[in-house]
Amino acid sequence: MNKEKFYVTTPIYYVNGEPHIGSAYTTIAADVLARFHRMKGEEVFFLTGTDEHGTKVAQTAQEQNLTPQEFTDIISSKYQLAWDILDISNDDFIRTTSQRHKDLVKIFVTKLKEVGAIYEGEYEGLYCVGCERFLTEKELVNGECPDHKKKPELIKEKNYFFNLKKYLPEIEEKISSDEIRILPEKIKKEVLGLFKQGLNDFSVTREKVKWGIEVPFDSSQVVYVWADALLNYITALGYGSKDDLLFRKFWPANLHLMAKEIIKFHAIFWPAMLLAVGEELPQTIFAHGFFTVDGQKMSKSLGNAIDPMELVKQFGSDATRFMLLSQFPFGQDGDVKVGNFVIQYNSDLANGVGNLTSRVLTMAEKYFDGIVPEKDSELAEPVKNIWSEYEKAMTSFEVDKAIEAIKKLNGLCDAYVEENKPWQLAKDDKEKLSKVIYNLLEALRHLGVMLYPIMPQTSQKILQSLGKGDFTSIQLSDLQNWGRLQPGAKVSKAEALFPRIQ
RNA sequence: CGCGGGGUAGAGCAGUUGGCAGCUCGGCGGGCCCAUAACCCGCAGGUCGCGGGUUCGAGUCCCGCCCCCGCAACCA
């Protein structure tokens, strides 16, 4: 029997900026899903990386007296470090300046030419001499380049164009029929709207851009953004090379995850490119929303950007992961109040998971010297129901709902304690006490397992306290069974999981 | 009439196929004492943007209006 596979990607992040809360959010979400699918026993490949070409990058490098490669090395490593700190479990990290990527992009572009999907044409655009690049309408301020306060010139250059129009009807059909699933529904509508408005062929090469991958059949040209960047999803798997084992195993992607601003390129351009060379298309493309901070759009100039590394410093990596994901439903935009982080940390983590763990383990030690009592299954049924909510949520990418399920289990346990008053039972009903404590310990184990994708460290700590530290090799279907915690096992209280913050 | 999303309790948000308006935080009042001054229960608070319509019944469907926000043809 073949193991299910799950290939999940984040976009590759543009190195013109350092990791910010948006990229952290996407990456954490992808990590949660990757971990969940691994826990289910599927074979998972989780890819992220950095996009490092383009004039902007070359320019910034120059300003800092660095070669473009030196500059991108620095920024790229900052991303890798940030993901490390956030416990991101990516299986690979692709850089567009890596030799393996460049080689395979050349192969792909050559193939596009062979199948007749690209043609030579002229691109006309607004060019800023100061920036040495074409600007988009959106970048202009009062018709001027915001950096150089000059009106860009309308100039032409030779480009190779991708024949997008040819593939549009087929793509549109595949999207409306959900053969390519675009989520959430409103984003799908938006994408379908783009077809109605009409789309044009786009350049896959540029003449004036120098920092990029040289086009193999025309040295005056460099491969341009999307043809370079989107291909990471397959070059990382060795597409087109002798060693394409990973590609054959994991492609097509089960899930491309991203923020909504780049949906068009992923939902339309990318499938079209794949169609052109006869490869399979990604199954699901999910675009999540944006953060606003205290009602305002995040931006560097406003100085209200939230640095994920600062959050980690204050709350730790697990808590940061948890808090970012539980701010608002996954897929929607949401407002974040900076002050709410502390409140939420205290209420959900310190008072919730942390406190519950502490009270349950303390009672186990106090009343049973930390020895797990005889089995009982009073909580088996409700826990099972929460599991099904949790799994359903995770499977449909509703990470926030999975978190809700966890909180529900937490609340269930707290209420169960109140209801049974173990401190009372300790005086007059030892038999009942034993059952209650077993139920609580076993429920806590389930909580620990559910926590794993979202807060891997906390999960580990809880399970270790229960003498169940090593579980990653065990299938979720086993972990979900009630009664895995064996009577006679030793449990012990560790230090507080989430100390309160004042 | 470019495309699309949104306006629900003090704050942030849920509300699948129309059927007594929910969640979290905060506020107020009880309870408990195992626990990280944590936990449990209860209460207060909403003309569901505005105006019409369909219906036995609409936050939920239809029409009009007001306000906010993304996207708008090659920007990562």
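Because only heavy atoms are used, hydrogens play no part in the values below, and waters and symmetry mates are left out as well, while side chains stay in. Lettering of chains follows the sequences in order, A, B, ..., and the numbering in each one begins at 1.
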Asker: Check the distance between B/A35's C1' and A/Asn355's CG and give it to me in whole angstrom.
Answerer: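 Taking CG of A/Asn355 and C1' of B/A35, I get 5 Å after rounding.
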Asker: Determine whether the aromatic ring centres of residues A/His288 and A/Tyr25 are separated by less than 6.0 angstrom.
Answerer: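 Aromatic pair counts; centres sit under 6.0 Å.
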Asker: When you compare the side chains of A/Gln344 and A/Ser326, does any donor N or O come within less than 3.5 Å of an acceptor on the partner?
Answerer: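 The criterion, which ignores hydrogens and geometry beyond distance, is satisfied for A/Ser326 and A/Gln344.
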Asker: Starting at CD of A/Glu404 and ending at P of B/U16, how long is that distance when rounded to a whole Å?
Answerer: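 Rounded to whole Å, this separation is 16 Å.
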Asker: Closest approach to the side chain of A/Glu190, judged atom by atom: which nucleotide of B/A35, B/G70, B/A76 is it?
Answerer: B/G70
Asker: From CG of A/Asn159 over to C1' of B/C74, roughly how many Å is that when rounded to an integer?
Answerer: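 Going from CG in A/Asn159 over to C1' in B/C74 covers 9 Å.
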Asker: Do we get A/Lys156 above A/Tyr123's six-membered ring, with its NZ or CZ under 6.0 Å from the centre and within 45° of the axis?
Answerer: no
Asker: Establish, from distance only, whether the side-chain atoms of A/Ser434 and A/Glu374 form a donor-acceptor pair under 3.5 Å.
Answerer: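 Not at all, the side chains of A/Ser434 and A/Glu374 share no donor-acceptor pair under 3.5 Å.
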Asker: By the 4.0 Å heavy-atom rule, please label A/Lys188 as base, sugar-phosphate, or nothing.
Answerer: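 Touches nothing.
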Asker: A/Phe265 and A/Trp226: aromatic ring centres closer than 6.0 Å?
Answerer: yes
Asker: Please state whether the phosphate of B/A38, meaning OP1 or OP2, lies under 4.0 angstrom from any side-chain nitrogen or oxygen of A/Arg500.
Answerer: yes
Asker: Who are the salt bridge (Lys or Arg N to Asp or Glu O under 4.0 Å) partners of A/Glu173, not counting sequence neighbours?
Answerer: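 Result, salt bridge (Lys or Arg N to Asp or Glu O under 4.0 Å) vs A/Glu173: none returned.
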Asker: Can you run down the salt bridge (charged side-chain N to carboxylate O under 4.0 Å, His left out) pairs that involve residues 490-502 of chain A, sequence neighbours left out, and say none if there aren't any?
Answerer: none
Asker: Heavy atoms only, 4.0 Å cut-off, all strands: where does A/Gly125 land among base, sugar-phosphate and nothing?
Answerer: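 Since no nucleic acid heavy atom lies under 4.0 Å of A/Gly125, the category is nothing.
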Asker: What's A/Leu361 touching, base or sugar-phosphate or nothing? Going by heavy atoms closer than 4.0 Å.
Answerer: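 If one applies the 4.0 Å heavy-atom cut-off, A/Leu361 turns out to touch nothing in the nucleic acid.
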Asker: Would you be so kind as to tabulate the donor-acceptor pairs closer than 3.5 Å made by side chains of residues 412-419 of chain A, with sequence neighbours excluded?
Answerer:
from     : atom 1 : to       : atom 2 : distance (Å)
A/Asp414 : OD1    : A/Arg359 : NH1    : 2.6
A/Asp414 : OD2    : A/Asn410 : ND2    : 3.2
A/Tyr416 : OH     : A/Glu378 : OE1    : 2.9
A/Tyr416 : OH     : A/Asn439 : ND2    : 3.4
A/Glu418 : OE2    : A/Arg359 : NH2    : 3.2

Asker: Suppose the criterion is salt bridge (charged side-chain N to carboxylate O under 4.0 Å, His left out): which pairs have a residue in residues 340-358 of chain A, not counting sequence neighbours?
Answerer: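 Pairs touching residues 340-358 of chain A that pass the test: A/Asp348-A/Lys407.
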Asker: Could you measure between the two C1' atoms, the one in B/C43 and the one in B/C34, and give it in whole Å?
Answerer: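 To the nearest whole Å, 27 Å.
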Asker: Please list, chain by chain and in numerical order, all residues satisfying salt bridge (Lys or Arg N to Asp or Glu O under 4.0 Å) with A/Lys408, sequence neighbours excluded.
Answerer: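 For A/Lys408 the salt bridge (Lys or Arg N to Asp or Glu O under 4.0 Å) partners, ignoring immediate neighbours, are A/Glu389.
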Asker: Quick one: list whatever passes salt bridge (Lys or Arg N to Asp or Glu O under 4.0 Å) with A/Lys78, sequence neighbours left out.
Answerer: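 Scan of A/Lys78 (salt bridge (Lys or Arg N to Asp or Glu O under 4.0 Å), adjacent residues dropped) gives A/Glu18.
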Asker: Whether A/Lys493 contacts B/U36 is assessed here as follows: a side-chain N or O lying under 4.0 Å from the phosphate OP1 or OP2. Is that the case?
Answerer: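 It does, given that an N or O in the side chain of A/Lys493 lies less than 4.0 Å from OP1 or OP2 of B/U36.
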Asker: Across the strands shown, which category fits A/Asn351 at heavy-atom distances under 4.0 angstrom: base, sugar-phosphate, nothing?
Answerer: sugar-phosphate
Asker: Side chain of A/Trp226: nearest nucleotide among B/G5, B/U36, B/C74?
Answerer: B/C74
Asker: Could you measure between the two C1' atoms, the one in B/A72 and the one in B/C25, and give it in whole Å?
Answerer: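 Nearest-Å result for B/A72 against B/C25 at atom C1': 38 Å.
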Asker: For each nucleotide in nucleotides 25-33 of chain B, reading 5' to 3', give B when a protein heavy atom comes within less than 4.0 Å of its base, S when such contact involves only the sugar-phosphate, and - otherwise.
Answerer: S-----BSS
Asker: Please measure how far the P atom in B/G6 lies from the corresponding atom in B/A73, and state the result in whole Å.
Answerer: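 Looking at atom P only, B/G6 and B/A73 are 24 Å apart.
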Asker: Once you apply a heavy-atom cut-off of 4.0 Å, does A/Tyr123 come out as touching a base, just sugar-phosphate, or nothing?
Answerer: base
Asker: Is it the case that the base of B/C74 and the side chain of A/Ser203 share a donor-acceptor contact (distance under 3.5 Å, atom types as modelled)?
Answerer: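 Looking at the base of B/C74, it does pair with a donor or acceptor on the side chain of A/Ser203 (distance under 3.5 Å).
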Asker: Angle class for the A/Phe202/A/Phe269 ring planes (parallel below 30°, perpendicular above 60°, tilted otherwise)?
Answerer: parallel
Asker: Please work out if A/Asp51 contacts a base, only the sugar-phosphate, or nothing of the nucleic acid, heavy-atom cut-off 4.0 Å.
Answerer: sugar-phosphate
Asker: Under 4.0 Å from any atom of RNA chain B, heavy atoms only: list the residues of residues 429-441 of chain A that qualify, in numerical order.
Answerer: none
Asker: May I ask you to say what A/Lys407 touches in the nucleic acid, namely base, sugar-phosphate or nothing, with a heavy-atom cut-off under 4.0 Å?
Answerer: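 It contacts nothing in the nucleic acid.
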Asker: How does RNA chain B read in dot-bracket, base by base from 5' to 3', with Watson-Crick or G-U pairs under 3.5 Å and | used when the partner is on another strand?
Answerer: .((((((..((((.....[..)))).(((((.......))))).....(((((..]....))))))))))).....
Asker: Sticking with atom P, work out how far B/C20 lies from B/G29, rounded to a whole angstrom.
Answerer: 33 Å
Asker: Under the rule for side-chain contact (heavy atoms from CB on, under 4.5 Å), what residues qualify as partners of A/Tyr119, not counting sequence neighbours?
Answerer: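 Listed in chain order: A/Phe161, A/Asn163, A/Asp201.
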Asker: Under 4.0 angstrom, heavy atoms only, what part of the nucleic acid is A/Phe161 near: base, sugar-phosphate, or nothing?
Answerer: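 Here A/Phe161 touches the bases of the nucleic acid.
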Asker: Who pairs with A/Glu157 by salt bridge (Lys or Arg N to Asp or Glu O under 4.0 Å), at least two apart in sequence or on another chain?
Answerer: A/Arg206
Asker: Let me spell it out: for each of A/Gly193 and A/Phe498, pick the nucleotide of RNA chain B with the closest heavy atom. Which residue's pick is nearer the 5' end?
Answerer: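 Between the two, 5'-proximity favours A/Gly193.
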Asker: Not counting sequence neighbours, which residues clear ring pair (Phe, Tyr, Trp, His ring centres under 6.0 Å) with A/Tyr14? List them please.
Answerer: none
Asker: Taking the side chain of A/Ala229 as heavy atoms from C-beta outward, which of B/G5, B/U36, B/A76 is closest to it?
Answerer: B/A76
Asker: Write down the distance between CD1 (A/Ile262) and P (B/G70), rounded to a whole number of angstrom.
Answerer: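 Going from A/Ile262 (CD1) to B/G70 (P), I get 18 Å.
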Asker: Can you measure A/Asn200 atom CG to B/A73 atom C1' for me and round it to whole angstrom units?
Answerer: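 Result: 5 Å.
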Asker: B/G70, B/A38, B/A76: which one has an atom nearest the side-chain heavy atoms of A/Lys260?
Answerer: B/G70
Asker: If the C1' atom of B/C32 is compared with that of B/C67, how far apart are they to the nearest Å?
Answerer: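 Looking at atom C1' only, B/C32 and B/C67 are 49 Å apart.
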Asker: Indicate, with a heavy-atom threshold strictly under 4.0 Å, whether A/Phe134 touches base, sugar-phosphate, or nothing.
Answerer: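 It contacts nothing in the nucleic acid.
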Asker: Tell me the interatomic distance from A/Leu194, atom CG, to B/G5, atom P, rounded to whole angstroms.
Answerer: 13 Å
Asker: For B/C66 and B/C13, measure between their P atoms and round to the nearest Å.
Answerer: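 Approximately 25 Å lies between the P atom of B/C66 and that of B/C13.
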Asker: Can you check the distance between B/G64 and B/C23, where both ends of the measurement are the P atom (answer in whole Å)?
Answerer: 36 Å
Asker: Report the distance from atom NZ of A/Lys401 to atom C1' of B/C13, rounded to the nearest whole Å.
Answerer: 13 Å
Asker: Verify the contact: side-chain N or O of A/Lys189 to OP1 or OP2 of B/G5, cut-off strictly under 4.0 Å; return yes or no.
Answerer: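 Looking at the OP1 and OP2 atoms of B/G5, one of them is under 4.0 Å from a side-chain N or O of A/Lys189.
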Asker: If the C1' atom of B/C69 is compared with that of B/G49, how far apart are they to the nearest Å?
Answerer: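 B/C69 and B/G49 have their C1' atoms separated by 15 Å.
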Asker: Send over the distance from A/Phe265 CZ to B/A72 C1', rounded to a whole Å.
Answerer: 12 Å
Asker: Of A/Tyr367 and A/Val225, whose nearest nucleotide on RNA chain B comes first from the 5' end?
Answerer: A/Tyr367
